[in-house]
Amino acid sequence: MNKGLVKSNYIAWLLSDKQIMTAVSLMFLYMYTIMPLIECSTLFNEPLGLFEPYLTFLGNGYCMPIFIIALLITIIDFPEINNNAGFILIRTGRKRWYTNQIIFLLMVIITYMVILFIFSVVFTAGISFILNGWSNVTNNLQLSANLDLKNKYPLATIDLSIINNFRPYSALVYSIILMVLQLLFHGQLQVYLTIRYNRIVGICSSVGVLGIGLALWASSSNLRWIFPLANSTIGWHYNKLFRETEYPLWISFVYLVVVNVIVYVLGQRSIKNKQFYLEGNVDDQD
């Protein structure tokens, strides 16, 4: 690994003007998720579970596209494939250069996930408790008597299939792993297609895959399992009322790992054939 290359990319990402999209997505999540949860907590006079706002981000089909698209936009400038990239390839080698881009991408995803978690806790920690059980706020929002409240705040509810099949701690672990794998796939797809074609193709294809997955989820089509979105949301794997498995969770873990490996291999092949005007004769260093 070329630590200097990864570090420089990471710092450039942190300082990028595209981070305005991160701020916009956090503002949106605050308005439509955090604030409603605080209001419901006050209305029911009950505390929230500490991890419930974060799990709402990761398990709500309306929330997920917001921060996923924001992340994809923040990395649209990476990797750098201008004429100067040839000089970097001479020093690192093609395979190592591409691997460094994926390591950088993984660091970005972990940072982004941490930011979402801290953001979810900052505003709700004072009205939250830490127990491996769902709060009365979350449970009450699922009651038929509170249907109007649930419909009013669709981005502030955790799917009933998650509540009925997981405890908060296990839901948190599974959701984080699956979300990291999903974000890694979208990021890798964008990087691969940027190298293979251009940045516009990369971002449009990645957002397009997300959009198709979202549309198939909304239509309850079984074809949704072809796309990463459904596979990365733990609640959609189970029936809401009868605790019946609709799609095995372990298959989704395998699926996301496999598609990430496939895109990584395609990316390695693409960079091997990529031409740079100033690269000269670049030897591939393992």
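Since we're looking at a predicted model, the values are computed, not measured.
- The six-membered or imidazole ring of Tyr62 lies near that of Trp217, with a centre-to-centre distance under 6.0 Å.
- Between the Ser221 side chain and the Leu223 main chain, a donor and an acceptor come within less than 3.5 Å of each other.
- In this structure, Gln188 contributes its side chain and Val263 its backbone to no donor-acceptor pair below 3.5 Å.
- Looking only at distances, a side-chain donor or acceptor of Ser219 sits under 3.5 Å from a matching main-chain atom of Ala215.
- With sequence neighbours left out, the side-chain contact (heavy atoms from CB on, under 4.5 Å) criterion links Leu14 to Tyr10.
- Glu246 has no carboxylate O lying under 4.0 Å from a charged side-chain N of Lys240, or vice versa, which leaves the two without a salt bridge.
- A distance of 13.0 Å separates CE in Met31 from CG in Leu26, rounded to the nearest 0.5 Å.
- If you take OG on Ser161 and CD1 on Ile234, they are separated by 8.0 Å, rounding to the nearest 0.5 Å.
- In this structure, Asn45 places its CG atom where only 12 or fewer heavy-atom neighbours from other residues, nucleotides or ligands lie under 6.0 Å away.
- A side-chain donor-acceptor contact under 3.5 Å links Asn260 to the backbone of Phe185.
- With Ser41 contributing its side chain and Leu37 its backbone, the two residues share no donor-acceptor pair below 3.5 Å.
- Checked by atom type and distance alone, the side chain of Ser25 never pairs as donor or acceptor with a backbone atom of Phe67 at under 3.5 Å.
- For the pair Leu256/Pro228, a side-chain contact is recorded, criterion being any heavy-atom separation below 4.5 Å from C-beta on.
- One distance of note links CG of Leu29 with OG1 of Thr33; it measures 5.0 Å at 0.5 Å rounding.
- A donor-acceptor distance shorter than 3.5 angstrom exists from the side chain of Asn132 to the backbone of Tyr169, with no hydrogens or angles considered.
- The closest side-chain heavy-atom distance from Val191 to Pro79 is below 4.5 Å.
- Closest approach of Gln101 to Asn9, counting heavy atoms only: OE1-ND2, 3.4 Å.
- Below 30°, between 30° and 60°, or above 60°: for Phe166 and Tyr238 the angle between ring planes is above 60°, a perpendicular geometry.
- Across all non-hydrogen atoms, the minimal contact from Met64 to Met179 is CE-CE, 3.5 Å.
- Counting only N and O atoms by type, the side chains of Trp13 and Thr74 include a donor and acceptor under 3.5 Å apart.
- Ser170 places a side-chain N or O within donor-acceptor distance of the main-chain N or O of Arg167, the cut-off being under 3.5 Å.
- Applying the side-chain hydrogen bond (donor to acceptor under 3.5 Å, both in side chains) definition to pairs two or more places apart or across chains, those involving residues 142-153 are Glu39-Tyr153, Gln142-Lys150.
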| said: For a side-chain contact (heavy atoms from CB on, under 4.5 Å) check, start with the C-alpha distance between Arg224 and Leu214, then their side-chain angles and the critical distance, and finish with the verdict. | reply: CA-CA 8 Å; Arg224 67 186 184 275; Leu214 187 63; over 6 Å; no
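- Following chains of ILVMFWY side-chain contacts shorter than 4.5 Å, one cannot reach Met27 starting from Phe119, and the two form parts of different hydrophobic clusters.
- For the atom pair CZ of Phe51 and OG1 of Thr124, the computed distance is 10.5 Å after rounding to the nearest 0.5 Å.
- Applying the side-chain contact (heavy atoms from CB on, under 4.5 Å) test to Tyr247 and every residue at least two apart in sequence or in another chain returns Trp225, Asn231, His237, Ile251, Ser252.
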What pairs of donor and acceptor atoms, side-chain ones from residues 202-212 against any protein atom, are under 3.5 angstrom apart with sequence neighbours left out?
from, atom 1, to, atom 2, distance (Å)
Ser205, OG, Val201, O, 2.7
Ser206, OG, His186, O, 3.1
Ser206, OG, His186, ND1, 3.3

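- Remark: aromatic rings of Phe117 and Phe57 are distant, center separation not under 6.0 Å.
- The shortest side-chain heavy-atom distance between Leu178 and Leu249 falls under the 4.5 Å cut-off.
- Side-chain polar atoms of Thr99 and Tyr264 form a donor-acceptor pair below 3.5 angstrom.
- No continuous path of ILVMFWY side-chain contacts below 4.5 Å connects Met21 to Ile200, so the two sit in separate hydrophobic clusters.
- Distance check: Thr56 OG1 to Asp159 CG gives 10.5 Å after rounding to the nearest 0.5 Å.
- A continuous path of ILVMFWY side-chain contacts below 4.5 Å connects Ile158 to Met35, so both sit in one hydrophobic cluster.
- Of the possible donor and acceptor atoms, none in the side chain of Thr233 sits under 3.5 Å from a partner among the backbone N and O of Trp236.
- Residues that satisfy the ring pair (Phe, Tyr, Trp, His ring centres under 6.0 Å) test with Tyr32, not counting sequence neighbours, are Phe28.
- Listed here is the closest heavy atom pair of Ser175 and Leu55: OG-CD2, 4.0 Å.
- At least one side-chain heavy atom of Tyr54 sits less than 4.5 Å from a side-chain heavy atom of Leu116.
- With Gln190 contributing its side chain and Leu72 its backbone, the two residues share a donor-acceptor pair below 3.5 Å.
- With rounding to the nearest 0.5 angstrom, the CD1 atom of Ile68 is 12.5 Å from the CD1 atom of Ile73.
- Here the side chains of Pro47 and Ile127 are not in contact, with every heavy-atom distance at 4.5 Å or above.
- Ile11 and Phe104 fall into different hydrophobic clusters, defined by Ile, Leu, Val, Met, Phe, Trp and Tyr side-chain heavy atoms under 4.5 Å apart, directly or through other members.
- Leu143 and Trp134 fall into different hydrophobic clusters, where Ile, Leu, Val, Met, Phe, Trp and Tyr are joined by side-chain heavy atoms under 4.5 Å apart, directly or via other members.
- In this structure, Leu147 stands alone, with no Ile, Leu, Val, Met, Phe, Trp or Tyr side-chain heavy atom under 4.5 Å from its own, directly or through other members.
- Thr22 and Gln19 form a side-chain donor-acceptor contact under 3.5 Å, judged by distance and modelled atom types alone.
- Annotation: Leu15, atom CG; neighbour count of heavy atoms from other residues, nucleotides and ligands within 6.0 Å is above 12.
- Side-chain contact of Glu46 with Asn140: a donor-acceptor pair under 3.5 Å is absent, judged by distance alone.
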